Amino acid sequence: MVQSDKKRRSTRSSKMVSSPVVMTRMQAIMQKEMVREFLAEFMSTYVMMVFGLGSVAHMVLGGKFGSFLGVNLGFGFGVTMGVHMAGNISGAHMNAALTFTNCALGRMSWKKFPVYILGQFLGSFLAAATIYCLFYSAIIEFSGGRLTVTGPIATASIFATYLPDHSTLWRGFLDEVLVTGMLQLCLFAITDKENNPALQGTQALVIGILVVVIGVSLGMNTGYAMNPSRDLPPRFFTYIAGWGIQVFRS
């Protein structure tokens, strides 16, 4: 009995000692720059995508509850919230194309590129899973239980962008190049301190308005994805969730 009591006490004391050690190590890890930037990109992309994909779900499934303007507002102000969450930590790229451009122009180190992309892709994938769970019953009711990519009961477009019948893959590619270029050009103008930048504290709102403007003016042809982090992870999610290989062919 005495020995067993001693063992219990030693176990408890070791747990009490190890617990602060673990917390200290966790705090040390969280203070590392790349870890903070990874989490910033993960959370900001997740927030942007939850609001954006949710607005698309309303348009596809909800009838009077959604509209194309609602989608633009959902993504635009989703970006605004994302910038507020991570702007001072990682820059809140939320976009693999923007991360690539910043690395190519020497604004950030290439060693950060995979860290940013991983955070963005994981955040986007988790956002797609979240919207799928939230709207699962509505998706099943709307589609009659058939998860399709094209046709009148298609629901894959909730998660990724697809070309309309009047367009071709080549035209869609050029459209996305132009739209992404407009996004990057305007972002440079908004943040250029030597020109006419947005007022301090208003950058997040102005960037959100920029996304809305791009959507309402250039969004019809391809859904203005402008962003591999917005389109690819949800597309992979739909493949896993039951829409099948067709999500990569349409």
Side-chain angles (χ1 to χ4, degrees), residues 41-85 94-95 119-167 172 176 179 208 211-250:
E41 288 298 309
F42 172 80
M43 287 303 302
S44 59
T45 306
Y46 176 78
V47 167
M48 173 193 71
M49 291 296 291
V50 165
F51 289 139
L53 296 182
S55 65
V56 180
H58 277 72
M59 181 178 70
V60 174
L61 306 172
K64 64 180 181 180
F65 292 104
S67 65
F68 184 65
L69 176 59
V71 172
N72 295 314
L73 292 173
F75 269 108
F77 291 111
V79 168
T80 294
M81 294 300 105
V83 174
H84 274 298
M85 292 191 69
M94 301 177 282
N95 187 332
Q120 293 163 13
F121 274 41
L122 288 177
S124 184
F125 187 91
L126 184 60
T130 300
I131 294 302
Y132 176 76
C133 292
L134 284 175
F135 291 92
Y136 176 78
S137 58
I139 291 172
I140 297 302
E141 181 180 8
F142 177 83
S143 65
R146 295 179 58 218
L147 302 180
T148 57
V149 179
T150 59
I153 57 170
T155 48
S157 59
I158 294 172
F159 302 93
T161 58
Y162 294 89
L163 287 172
D165 294 335
H166 64 78
S167 187
E176 284 298 306
V179 172
V211 174
V212 174
V213 170
I214 289 174
V216 298
S217 59
L218 302 171
M220 183 183 76
N221 288 331
T222 60
Y224 73 110
M226 326 182 272
N227 184 354
S229 303
R230 177 260 179 272
D231 195 79
L232 283 177
R235 199 179 293 268
F236 276 107
F237 173 81
T238 52
Y239 169 70
I240 295 170
W243 276 266
I245 196 66
Q246 190 64 27
V247 299
F248 296 110
R249 295 173 177 169
S250 298

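When reading the values below, keep in mind they use all heavy atoms of this one structure, side chains included, and skip hydrogens, waters and symmetry mates. Everything numeric here is computed off the predicted structure, so don't read it as measured data.
- Proximity of the aromatic rings of Tyr136 and Tyr132 is defined here by a centroid distance below 6.0 angstrom, and this criterion is met.
- Closest of all the heavy-atom pairs between Phe75 and Val56 is CE1-CG2, 3.9 Å.
- Thr161 and Asp231 are linked by a side-chain donor-acceptor pair at a separation below 3.5 angstrom, with hydrogens and angles left out of the test.
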**OP:** Determine, step by step, whether Asn221 and His166 satisfy the side-chain contact (heavy atoms from CB on, under 4.5 Å) criterion, reporting the C-alpha distance in whole Å, the side-chain angles of both residues, the deciding distance to 0.1 Å, and the verdict.
**Re:** CA-CA 9 Å; Asn221 288 331; His166 64 78; 3.4 Å; yes
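- Of the possible polar contacts, one joining the Ser124 side chain to the Ser229 backbone as a donor-acceptor pair under 3.5 Å is found.
- Taking all atoms of both residues into account, the shortest heavy-atom contact from Met94 to Val79 is CE-O, 3.7 Å.
- Residues Thr80 and Gly208 come closest through the heavy atom pair OG1-CA, 3.2 Å.
- Here the CG-CD distance, from Leu218 to Glu176, works out to 10.0 Å after rounding to the nearest 0.5 Å.
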Subject >> Steps toward side-chain contact (heavy atoms from CB on, under 4.5 Å) verdict (His84, Val47) >> reply: CA-CA 11 Å; His84 274 298; Val47 167; over 6 Å; no
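- The number of heavy-atom neighbours closer than 6.0 Å to CZ of Phe236, taken from other residues, nucleotides and ligands shown, is 12 or below.
- A 4.5 Å side-chain heavy-atom check between Gln246 and Thr148 finds every atom pair outside the cut-off.
- Panel note: side chain Arg235, backbone Val247; a donor-acceptor pair is recorded below 3.5 Å.
- Annotation for Ala138 and Leu61: closest pair CB-CD1, 3.9 Å, computed over non-hydrogen atoms.
- To the nearest 0.5 Å, the span separating OG on Ser137 from CZ on Phe142 amounts to 13.5 Å.
- Side chains of Phe159 and Trp243 form a contact here, defined as non-hydrogen atoms less than 4.5 Å apart.
- Phe135 places none of its side-chain heavy atoms less than 4.5 Å from the side chain of Ile158.
- Thr222 places none of its side-chain heavy atoms less than 4.5 Å from the side chain of Val179.
- Considering only heavy atoms from C-beta on, Ser157 stays 4.5 Å or farther from Val149 through its side chain.
- In plain terms, the two heavy atoms of Ser55 and Gly70 that are nearest each other are CB-O, 3.6 Å.
- Note: Leu53 CG to Met48 CE = 8.5 Å, rounded to the nearest 0.5 Å.
- In this structure, OG on Ser44 lies 7.5 Å from CD on Gln120, to the nearest 0.5 angstrom.
- Looking at Leu126 and Met49, their side chains never come closer than 4.5 Å, going by heavy atoms from C-beta outward.
- Applying the 6.0 Å contact sphere to CZ of Phe68 captures more than 12 heavy atoms from other residues, nucleotides or ligands.
- In this structure, Val211 and Asn72 have side chains that are not in contact, with every pair of non-hydrogen atoms separated by 4.5 Å or more.
- Side chains of Thr45 and Met85 form no contact here, defined as non-hydrogen atoms less than 4.5 Å apart.
- Taken to the nearest 0.5 Å, the CD atom of Glu41 stands 9.5 Å off from the CG atom of Asn95.
- For the atom pair CG of Leu147 and CD1 of Ile139, the computed distance is 7.5 Å after rounding to the nearest 0.5 Å.
- In this structure, the ring of Phe51 has its center no less than 6.0 angstrom from the ring center of Phe77.
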